[in-house]
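Some notes on the structure that comes next.
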Amino acid sequence: MCGIIGVLGQLEAAPRILDALKRLEYRGYDSAGLTTLLNGKPIRRRAVGKLGELIKLVARDPAPGTAGIGHTRWATHGAPNVANAHPHAAGPVHKVHNGIIENFRELRAGLEAEGVACQTETDTEVVAQLVAQAMAGGMGPAEAVAATLPRLEGAFALAFLFENEPDLMIAARHGSPLAIGWGEDEMFVGSDALALSPMTSRITYLEEGDWAVVTRSGAEIFDREGH
Ligand code: GLU
């Protein structure tokens with residue numbers, strides 16, 4: 001199992017993401033990455049090996065911005081290399097994932113039949129591609145995620161950021177734990193309370209099948225029926 005962190009903050013996101021990822025190291029991982037948004041545009045840094053490699057990379061080549069998502073990956077599908085490391089990107093969609101998408105082969109074949117080429121060897125990139133495809137068809141980010149989640153089989157925790165949406169993060173839990181953290185005009189998403197502990201102790205654990213639309217001022221949490 002690996003780790004997820006998401007930050008919609010008032011301070012620089014990358015140092016907070018790296019600190020949270022350190023707190024999730026106990027889960028094991030083989031690579032790590034983060035994407036921040038600066039003026040709505042994504043900045044992605046990924047590295048293989050220990051978190052120290054990502055920390056060095058970000059020190060050399062900073063990832064500014066107050067919104068970001070980060071991930072430690074334990075590869076299940078596809079080699080532990082930079083190309084397969086999360087966050088994954090497709091169009092305006094940036095995404096991290098814990099777990100396994102069991103029906104990724106069918107989903108990938110469907111995307112390929114429609115001319116969408118996946119960039120990684122992972123099971124998980126299909127999620128970013130499906131959400132991007134739904135958005136290209138005219139849906140907004142939340143509608144596109146809501147339309148994609150019922151198509152996914154397996155165990156997953158997901159966190160999304162969207163280009164040109166610096167005050168939006170979407171999170172989903174299906175078989176893999178995920179918590180929302182509440183701050184002062186800041187909101188967070190994380191695999192566990194430990195990851196969020198330096199930023200907040202006010203935590204809501206998503207229940208099985210829940211997904212959440214998060215902004216700096218709060219979160220709206222939906223169950224799988226959309227209530
Ligand atoms: N199955 C995904 C991958 O191989 C995510 C693995 C994880 O939970 O880190 O990239």
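Just so it is clear, the model here is predicted, and its values are computed rather than measured.
Look at K41 and E163 and you find a salt bridge, because one of the NZ, NE, NH1 or NH2 atoms lies within 4.0 Å of a carboxylate O, short of that distance. Salt bridge annotation for R46-E53: absent, with no cationic side-chain nitrogen under 4.0 angstrom from a carboxylate oxygen. Between R224 and D210 there is no salt bridge, since no side-chain N of the basic residue sits under 4.0 Å from a carboxylate O of the acidic one.
Using a 4.5 Å heavy-atom cutoff, the side chains of P92 and N164 are not in contact. L206 places a side-chain heavy atom less than 4.5 Å from the side chain of I180. Residues I5 and S191 fail the side-chain proximity criterion, which asks for heavy atoms closer than 4.5 Å. Counting only heavy atoms from C-beta outward, the side chains of T35 and H86 never approach each other to under 4.5 Å. Annotation: side chain of W182 is in contact with side chain of M187 (closest heavy-atom distance under 4.5 Å). Contact annotation: the side chain of L107 approaches that of L152 to within less than 4.5 Å [non-hydrogen atoms, C-beta and beyond]. Using a 4.5 Å heavy-atom cutoff, the side chains of L18 and L34 are in contact. By the 4.5 Å heavy-atom criterion applied to side chains, W74 and D30 are counted as neighbours.
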> Please walk me through it: do D192 and Y205 pass side-chain hydrogen bond (donor to acceptor under 3.5 Å, both in side chains)?
Replying inline: CA-CA 8 Å; D192 63 22; Y205 283 96; over 6 Å; no
> Going through the checks in order, is the side-chain contact (heavy atoms from CB on, under 4.5 Å) test met by H71 and H88?
Replying inline: CA-CA 10 Å; H71 187 259; H88 292 156; over 6 Å; no
> Are T72 and E25 close enough, and set up right, to give a side-chain contact (heavy atoms from CB on, under 4.5 Å), and what steps lead you there?
Replying inline: CA-CA 8 Å; T72 44; E25 273 193 300; 5.5 Å; no
>> Walk me through whether L24 and L194 qualify under side-chain contact (heavy atoms from CB on, under 4.5 Å).
In response: CA-CA 8 Å; L24 292 167; L194 182 65; 5.9 Å; no
> Under the salt bridge (charged side-chain N to carboxylate O under 4.0 Å, His left out) criterion, do R173 and E207 qualify, and how do the steps go?
Replying inline: CA-CA 7 Å; R173 173 192 170 149; E207 287 176 4; over 6 Å; no
>> Using side-chain contact (heavy atoms from CB on, under 4.5 Å), reason through T122 and H97 one step at a time and then give a plain yes or no.
In response: CA-CA 11 Å; T122 64; H97 165 229; over 6 Å; no
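Between R202 atom CZ and T204 atom OG1 the span is 8.5 Å, to the nearest 0.5 Å. With rounding to the nearest 0.5 Å, the separation of CD in Q129 from OG1 in T120 is 8.5 Å. In this structure, H227 NE2 and I221 CD1 are separated by 15.5 Å, a value rounded to the nearest 0.5 Å. Of the inter-residue distances, the one linking L8 atom CG with M169 atom CE reads 4.0 Å to the nearest 0.5 angstrom. In this structure, the separation between OG1 on T215 and CD on E165 is 11.0 Å, given to the nearest 0.5 Å. Expressed to the nearest 0.5 Å, how far OG1 of T36 lies from CD1 of I17 amounts to 7.0 Å.
Sparse packing is recorded around CG of N39, with 12 or fewer heavy atoms of other residues, nucleotides or ligands lying under 6.0 Å away. The environment of CZ in R151 is sparse: at most 12 heavy-atom neighbours from other residues, nucleotides or ligands sit within 6.0 Å.
Note on F104: it clusters hydrophobically with V127, by side-chain heavy-atom contacts below 4.5 Å among ILVMFWY residues. Linking Ile, Leu, Val, Met, Phe, Trp and Tyr whenever their side-chain heavy atoms come within less than 4.5 Å puts L21 and L196 in one cluster. With hydrophobic clusters built from ILVMFWY side chains whose heavy atoms lie under 4.5 angstrom apart, F188 shares a cluster with I203. When the side chains of ILVMFWY residues are joined at heavy-atom separations under 4.5 Å, either directly or via intervening members, V58 and V7 end up in a single hydrophobic cluster. Following chains of ILVMFWY side-chain contacts shorter than 4.5 Å, one cannot reach V96 starting from I170, and the two form parts of different hydrophobic clusters.
The backbone N or O of A75 lies less than 3.5 Å from no partner atom in the side chain of Y29, so there is not a single donor-acceptor pair. Put simply, the side chain of N98 never gets that close to the backbone of A157: no donor and acceptor are under 3.5 Å apart. Judged purely by atom type and a 3.5 angstrom limit, E208 uses its side chain to pair as donor or acceptor with the backbone of G175. Using modelled atom types, no side-chain atom of R108 and backbone atom of V126 make a donor-acceptor pair closer than 3.5 Å. One N or O on the side chain of D123 and one on the backbone of I101 form a donor-acceptor pair closer than 3.5 Å. Checking side-chain atoms of N103 against main-chain N and O of E153 turns up a donor-acceptor pair under 3.5 Å.
Under a cutoff of 6.0 Å and an axis angle of 45°, K95 and F162 do not form a cation-pi pair.
Nearest heavy-atom pair across A20 and A195 is CB-O, 3.5 Å. Between G78 and E121, the shortest heavy-atom contact is CA-OE1, 3.5 Å. L57 approaches A47 most closely through the heavy-atom pair CD2-CB, 4.4 Å. A13 and G68 get closest at one heavy-atom pair: CB-N, 4.0 Å. The two atoms that bring R16 and G9 nearest to each other are NH1-CA, 3.9 Å, heavy atoms only. Looking at every heavy atom in both residues, V213 comes nearest to A142 through CG2-CB, 4.0 Å.
For the side-chain hydrogen bond (donor to acceptor under 3.5 Å, both in side chains) criterion with T66, the lone passing option out of Q10, E12, R216 is R216. Partner L158 forms a side chain to side chain contact (heavy atoms under 4.5 Å, CB included) with one of L149, L178, V189 and no other, that one being L149.
Note on ring orientation: taking the six-membered ring where Trp is involved, the planes of H174 and F156 are parallel (angle under 30°, cut-offs 30° and 60°).
Side-chain atoms of Q119 and E125 form no donor-acceptor pair, as typed in the model, at a separation below 3.5 Å.
Taking the ring centroids of W211 and F222, they lie under the 6.0 Å cut-off.
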